Amino acid sequence: NFNPMMYQTNDKSPLQIFVRAKKKINDIYGEIEEYVLETTTFINALHADAEIVDKAERELFESYVFKVAAIREVLQRDHMKVAFFGRTSNGKSSVINAMLREKILPSGIGHTTNCFCQVEGSDGGEAYLMKEGSDEKLNVVNIKQLANALCQEKLCESSLVRIFWPRERCSLLRDDVVFVDSPGVDVSANLDDWIDNHCLNADVFVLVLNAESTMTRAEKQFFHTVSQKLSKPNIFILNNRWDASANEPEFQESELAKVKSQHTERCIDFLTKELKVSNEKEAAERVFFVSARETLQARIEESKGNPPHLGAIAEGFQIRYFEFQDFERKFEECISQSAVKTKFQQHSSRGKSVSGDMRSMLDNIYERITIFRNLKQDQKNLLTERIQGTETQMMQVTREMKMKIHNMVEEVEEKVSKALNE
Ligand code: GTP
Ligand code: MG
C-alpha cells in the first residue's frame, strides 16, 4: 500500500511544523548533552587536580547529565495526540479509519469499541498490539485478526490497548500523530477516570456527533469535565453521517440548509457560550459536516487507483469529501501548533535553566581559580611548572566553556523561539 505520492504532497502538511520543531529541539538537546558531558569531564578533572571544585559541586554537575538524558528520552517519544469521543455508533472508529485511509479499527452497529484503543506508528514495518500493563508484542497479521483480538478481549472499558501500525502506511502516523479511540460516552459511569487516564495530555479532542440527531447530555457533560480539568482544550466537532441527510426523500434543499445551520449554531454555542473554549470565529472553523464511512470508502477506492467518487454513498459526495479534507487540514494546523507549544516550550525552558545553572557554576569556578592563582602568585617559587601549566589550561578551558555555554543558551533561545514562531 505504499504510496509515494502521499509522501510528496505531505511535506506541505501543517504537521511539518511539529516534525521540524521536534527535529530541531532534538538536535539542540544533542548539543546540550555533548556540552554537559564535556563540562562534567572537565569539572571532574579539576576536582582531582586542584581541589578547586568540591564534591557537592561535582555531584551537582553529574546530575545535569542525567537530567539532560531524561529530557532527551522524553523528547524522542513526544508526539501529537488526538482523542475521539461521542455517543456509541456515532462513527468515532470510522472517522479514525477514514483519516488513516484504511479500515484498521473495528467499527459496526451496536456497541463496538469496548476499551480505549490507541493507534500509533511503528518502525520497521511491523503491526502489533500491546495490552495495558504488559510489554508483550502481540503480532497482528491482518486487520480481521486485529478486530477479533480486540473483540475477544474482556478488558475494562477504561483500559488501553495500543495498536502499532507501520508508519509508512499512513502519513499521519509517520508524522507522529497518535489516535485515541474510546467507547461511547453513554456507556460509562467512569468518565472522570477516562479523562484522568487518557485525556490530560491530548492536544486535540474530536467530538463525533450523529448529524441525524442532536448533541446529548452525556456528550455535553463529558466535555464540560474535560474543560474543567484542562485549560482551553482544542475541540473539533464533526457532525458525522451527513450522507444520511441526502437520503431523506421529503427533504428540500432549503430544509437541509436549515438543519445544517441549526446544528452549526448549537455546536458554536456549545464551544463559545457553554464551554467557553473558543471565540465565535475560531468555533466556526471547528464545526464540520462529514461522512466518515463514505470518506473511508472513497480513500480505499483511491488506493486501488480508482476515482474517489466510487465510494460515494449518496448525492453530494464531493462537498462532504471536501469538507472532510478541510477538517483534516484545520486539525493538522491546530494539533501541530498546540503540540509544539505544550511539549517543546517546557523542554526549552528546562534546557535554558540547566544551561543557565551550569553557566553560573562555571562563573563561580572561574572566579575561584582567579583568586587561587593570585594567592599562588605570592608563593611563585613553590609552584611547579606542572601546576602553572594546569592553571593556564584551566583558565583557558573555563573561558572556552563559559563562551560555549553562553553561545549555547543564546542559540537555544533563538532556535526555539524561531520554531515556536514558525
Ligand atoms: P462504538 O465503538 O460502538 O462506540 O461506535 P463508533 O462511534 O466507533 O461507531 P462506528 O465507527 O463503529 O460506526 C457505527 C456504524 O455506523 C458502522 O456500521 C459504520 O459503518 C456506520 N457509520 C459510521 N460513519 C458513518 C457515516 O458517516 N455514514 C453512514 N451512513 N454510516 C456510518
Ligand atoms: Mg468504535
Side-chain angles (χ1 to χ4, degrees), residues 82-119 143-144 146-153 155-161 163 179-191 194 198 205-213 215-216 218-219 222-223 236-249 251 256 259-260 263 287-301 308-309 311-328:
V82 51
F84 295 76
F85 293 95
R87 206 172 39 163
T88 309
S89 282
N90 279 3
K92 300 174 291 296
S93 308
S94 302
V95 170
I96 299 179
N97 287 338
M99 293 174 83
L100 294 170
R101 297 167 175 264
E102 226 177 314
K103 190 173 174 188
I104 296 175
L105 293 167
S107 67
I109 48 170
H111 171 41
T112 309
T113 309
N114 47 26
C115 68
F116 276 79
C117 294
Q118 177 165 310
V119 186
I143 290 165
K144 206 163 183 181
L146 171 74
N148 285 340
L150 286 173
C151 290
Q152 277 160 12
E153 290 303 330
L155 291 154
C156 158
E157 39 135 269
S158 63
S159 70
L160 179 77
V161 170
I163 300 165
F179 295 81
V180 177
D181 191 12
S182 64
V185 284
D186 46 333
V187 298
S188 175
N190 300 327
L191 297 181
W194 281 18
H198 305 290
F205 293 87
V206 179
L207 166 57
V208 181
L209 294 177
N210 180 352
E212 294 160 281
S213 56
M215 213 185 298
T216 60
E219 286 161 330
F222 179 79
F223 279 96
F236 283 82
I237 302 182
L238 294 182
N239 291 282
N240 191 38
R241 309 170 81 92
W242 190 234
D243 56 283
S245 65
N247 283 335
E248 288 294 314
F251 252 32
L256 204 63
V259 173
K260 194 171 178 177
H263 277 323
V287 180
F288 299 88
F289 290 79
V290 296
S291 169
R293 185 174 175 173
E294 191 180 51
T295 303
L296 175 62
Q297 289 179 186
R299 286 179 169 175
I300 291 173
E301 290 300 337
H309 67 79
I313 294 179
E315 228 173 89
F317 162 78
Q318 275 308 336
I319 299 172
R320 287 188 297 274
Y321 193 47
F322 180 74
E323 187 136 345
F324 198 93
Q325 290 169 328
D326 192 24
F327 153 67
E328 288 175 308

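All ligand and atom numbering here is 1-based and tracks the order in the structure. All of these numbers come straight from a predicted model, not from anything done at the bench.
Val119 places none of its side-chain heavy atoms less than 4.5 Å from the side chain of Asp181.
Taking the six-membered ring where tryptophan is involved, the planes of Phe223 and Phe205 are perpendicular, since the angle between them exceeds 60° and thus also 30°. Using the six-membered ring where Trp is involved, Phe85 and Phe222 have ring planes that are tilted, between 30° and 60° apart.
Annotation: Glu212, atom CD; neighbour count of heavy atoms from other residues, nucleotides and ligands within 6.0 Å is above 12.
Listed by chain and residue number, Asn90, Thr216 satisfy the side-chain hydrogen bond (donor to acceptor under 3.5 Å, both in side chains) test with Glu219 (two or more places apart in sequence, or in another chain). Looking at residues two or more places apart in sequence or on another chain, you find a side-chain contact (heavy atoms from CB on, under 4.5 Å) between Val259 and Trp242, Phe251, His263.
If you take CZ on Arg320 and CD on Glu315, they are separated by 9.0 Å, rounding to the nearest 0.5 Å. Rounded to the nearest 0.5 angstrom, Asn210 CG and Met215 CE are separated by 12.0 Å.
The count of protein N, O or S atoms under 2.8 Å from the Mg ion (ligand 2) stands at 2, with waters excluded from the count.
Aromatic pair Phe324/Phe327: ring centres closer than 6.0 Å.
Around ligand 1, the residues contributing at least one heavy atom under 4.0 Å from the ligand are Arg87, Thr88, Ser89, Asn90, Gly91, Lys92, Ser93, Ser94, Ser107, Gly108, Ile109, Gly110, His111, Thr112, Thr113, Gly184, Asn240, Arg241, Asp243, Ser291, Ala292, Arg293.
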